[in-house]
J.: 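First the structure, which I've put down as C-alpha cells, then a few questions once you've had a look.
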Amino acid sequence: MVVKLDKIFNSASNSVFRDKSVLQANYSPETIPHRDKEIEQVAAILAPCLKGEKTSNLFVYGNTGTGKTLSVQYVKNELLKRAGSSPSGLRIEYLNCKLKKIADTEYRILAELIKKLGGEVPATGLPTDSVYNKFIELIDKEKQILILILDEVDQAVKKISDNFLYNLTRLNSELTKTQICLVGISNDLRFLDDLDPRVKSSLSEEEIIFPPYNALQLQDILRGRAEKAFHKNIIEGGVIEKCAAFAAREHGDARRALDLLRVAGEIADRSGDKKIKLRHIDLANNKIERDKILDVIESEPKQFQLVLMAIFELAEKNEKMFTGDVYKVYREFCKKVNIEVLTQRRVSSIISEFDMLGLINARNLSRGTYGKTREIRSAIPKEIEEHAKIILRDAIFV
DNA sequence: AGGTATTCACATGAAACTATTCTCTGAGTTAGG
DNA sequence: TAACTCAGAGAATAGTTTCATGTGAATACCTGT
C-alpha cells in the first residue's frame, strides 16, 4: 500500500505540468493569437466611451471556443486601464447569462447587475419592476457610461423571451445622467433572426463575427499555452498537431483543444509517463467524452434518470423504440421504486431534452394508421452505457 | 387503379396549477417609561 | 409609545398537469373504368 502511495505522490511532484492553470478554462492569457482584427474592431466600436460618449450597441457572434469572451474581456480590461486615470465615469460589467441560479432570468440578471454595482437585492419576493427601479436608481446617481457585456445572451433570450433585451435598450430613455451600452455575445449565429425586429435593430447596431480557428491557428494557440503549462521537452512530436486536428473538427473550438491537451497531460502524469505521447491524446479524447456524458447523467434529476433508465432497458432488446414503449417501462420503474409517475406529456418533454443533450437520437416518425411518434435510440457508446447504468442504479436505488 | 377520408399515437403549445422561498405590510402584542 | 412579532398577501421560480390543437402517412373506403 505504502509503496503504491509513494508512487502516486511521486508522480504528483514529478508532473509534466509546470503550471496547469494555463490550460484551464478560466485562464486569461495576455496575448490572444489570431484575433487581432476582431479585437481591433471591438475596441474601435467601444472607444468613444473613453471620451464619455455613448457607444453603439454591439453584437458578437461565433461558435464556442472562438475567443469571443476572451477578446471582449481583453478590450474591457484595456479600456478600464485607460479610463482609470481620468475621471470619465466609465463602468463595464460582464455577466454570463447562462449561469444557472445566478443570471438566467430577467429578475436575476438585474439582481446580479445591482450586486456588481454595489447594491443589494433579495433573491426573491420583489416584483420585477421594483428591481428595475432599484437598478435605475443605482446607476443614475452620477454621470457615467455603463457598458453591459451579456455573455451567452441567446441562452437568456431563449429562456426569458426577448423583451427583457427590449427593456434594457429602452432603459436609456429613463436615465438622465447615465448611458447604457450593450454588448451581447452569442454562440448562436441564427440568434438574431428570431429576435423581435425592434430589439434587433437597436441591439445590432454593430456586429462582429468570430470565425472558427483553423487547425494551424489552433496549433499556434496550443504551442503558446503549452510552453507555459508544461516543462521543457515534454511533448512528443505530432501531439500538438493532433490536438489541433481534433478540435478543428469540432468547429475550431480552442477550448476543446486546450482541454484535450490538459487531460492528456493528466493521463500522462497518472500513468507515470514523462512525456505526452500521441496515444494520450486519444485517451484524453475518450475520457472527455465519457466524463461529459456521465456528468450529465449523474446530475440529472431523479425523474429524468428513471426515463433514461427505461430507455437503456429497452435499448438492450431493440435498437430503436417509441415514446409509448418508453413511457410504459418508465411507469413500471416508478412503481418499483415508489416514485410518483409523471404524465406522458412530461415524459415527452424529458425525452426532448435528452435529445438536445445528445444522450439519445430521436426523430419524428409517422407510422400511418399506427400513429405518429418519435423513434428513439440511445446515442451513448456501448462501453459508456454500462458505466452509465451503474450510475443510474446507484442514484435511483439509494 | 386512382383518389379521398379516416385514424392512430403521439407531438407540440399554452395556460394553469403547486410548492417553496422570500419580501412587505399592517395588526396585534409587549415592555419600558 | 416605540419596538417587536407574526400572519397574510404577493412575487419569483421550477416542475409539473390540464387542456387544446396539430400532424404524416398507412389503411379503409369510394368511384368511375
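Letters A, B, ... mirror the listed sequences (proteins, then strands); counts begin at 1.
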J.: Please report the closest heavy-atom contact between A/Tyr74 and A/Glu30, naming both atoms and the distance.
T.: CE1-O, 3.8 Å
J.: Any cation-pi pair here, A/Arg367 with A/Phe322, using under 6.0 Å and within 45°?
T.: yes
J.: Quick check on the hydrophobic clustering: are A/Val341 and A/Ile339 connected, directly or via other members, by side-chain heavy-atom contacts under 4.5 Å?
T.: yes
J.: Any ring pair (Phe, Tyr, Trp, His ring centres under 6.0 Å) involving residues 30-73 of chain A? Give me the pairs, sequence neighbours left out, ordered by first then second residue.
T.: A/Phe59-A/Tyr61, A/Phe59-A/Phe191
J.: Please state how far atom CD1 in A/Ile102 lies from atom P in C/dA14, giving the value in whole angstrom units.
T.: 13 Å
J.: With the sugar-phosphate defined as primed atoms, P, OP1 and OP2, and the base as all remaining atoms, what B/S/- string results for nucleotides 11-19 of chain B, 5' to 3', for protein heavy atoms under 4.0 Å?
T.: SBB------
J.: Round to a whole Å and report the spacing from OH of A/Tyr107 to P of C/dG10.
T.: 18 Å
J.: Hey, is the side chain of A/Arg367 poking within less than 4.0 Å of OP1 or OP2 on C/dA26, counting only N and O atoms?
T.: no
J.: Going only through I, L, V, M, F, W and Y residues with side-chain contacts under 4.5 Å, is there a path from A/Leu175 to A/Leu165?
T.: yes
J.: Kindly confirm or rule out a cation-pi arrangement of A/Arg346 over A/Tyr327, judged by NZ or CZ under 6.0 Å from the six-membered ring centre and within 45° of its axis?
T.: no
J.: For residues 130-179 of chain A, which residue pairs pass the ring pair (Phe, Tyr, Trp, His ring centres under 6.0 Å) check, not counting sequence neighbours?
T.: none
J.: Closer than 3.5 angstrom, by distance alone: can the side chain of A/Gln179 be matched with the main-chain N or O of A/Glu53 as a donor-acceptor pair?
T.: no
J.: Would you check, one step at a time, whether the test salt bridge (charged side-chain N to carboxylate O under 4.0 Å, His left out) holds for A/Arg255 with A/Asp253?
T.: CA-CA 5 Å; A/Arg255 196 178 314 158; A/Asp253 184 345; 5.1 Å; no
J.: Nearest whole Å is fine: how far is B/dC8 C1' from A/Asp325 CG?
T.: 15 Å
J.: Scan A/Val341 against the nucleic acid and name what it touches under 4.0 Å (heavy atoms): base, sugar-phosphate only, or nothing.
T.: sugar-phosphate
J.: Return the value, rounded to whole Å, for the distance between atom CD of A/Glu340 and atom C1' of C/dG15.
T.: 10 Å
J.: Might you list the N or O atoms of the protein lying below 3.5 Å from N or O atoms in nucleotides 27-29 of chain C, with each pair's distance?
T.:
| unit_1 | atom_1 | unit_2 | atom_2 | d |
| --- | --- | --- | --- | --- |
| C/dT27 | O4' | A/Thr369 | OG1 | 3.0 |

J.: Let me know the distance between CZ of A/Phe164 and P of C/dT13, rounded to the nearest Å.
T.: 12 Å
J.: What is the distance, rounded to the nearest whole Å, between atom CG of A/Leu342 and atom C1' of C/dT17?
T.: 10 Å
J.: Nearest heavy-atom pair of A/Tyr330 and A/Ala310: which atoms, and what distance?
T.: N-CB, 3.7 Å
J.: Could you state the atom-to-atom distance from NZ of A/Lys101 to C1' of B/dT20 in whole Å?
T.: 10 Å
J.: Could you tell me whether A/Thr105 contacts a base, only the sugar-phosphate backbone, or nothing, with contacts defined as non-hydrogen atoms closer than 4.0 Å?
T.: sugar-phosphate
J.: So which pairs with a foot in residues 232-247 of chain A pass salt bridge (charged side-chain N to carboxylate O under 4.0 Å, His left out), sequence neighbours left out?
T.: A/Arg223-A/Glu241, A/Lys242-A/Asp282
J.: Whole angstrom is fine here: how far is it from OH in A/Tyr330 over to C1' in B/dC10?
T.: 17 Å
J.: Please tabulate, one pair per line, each protein N/O and nucleotide N/O from nucleotides 21-27 of chain B that are separated by under 3.5 Å, including the distance.
T.:
none

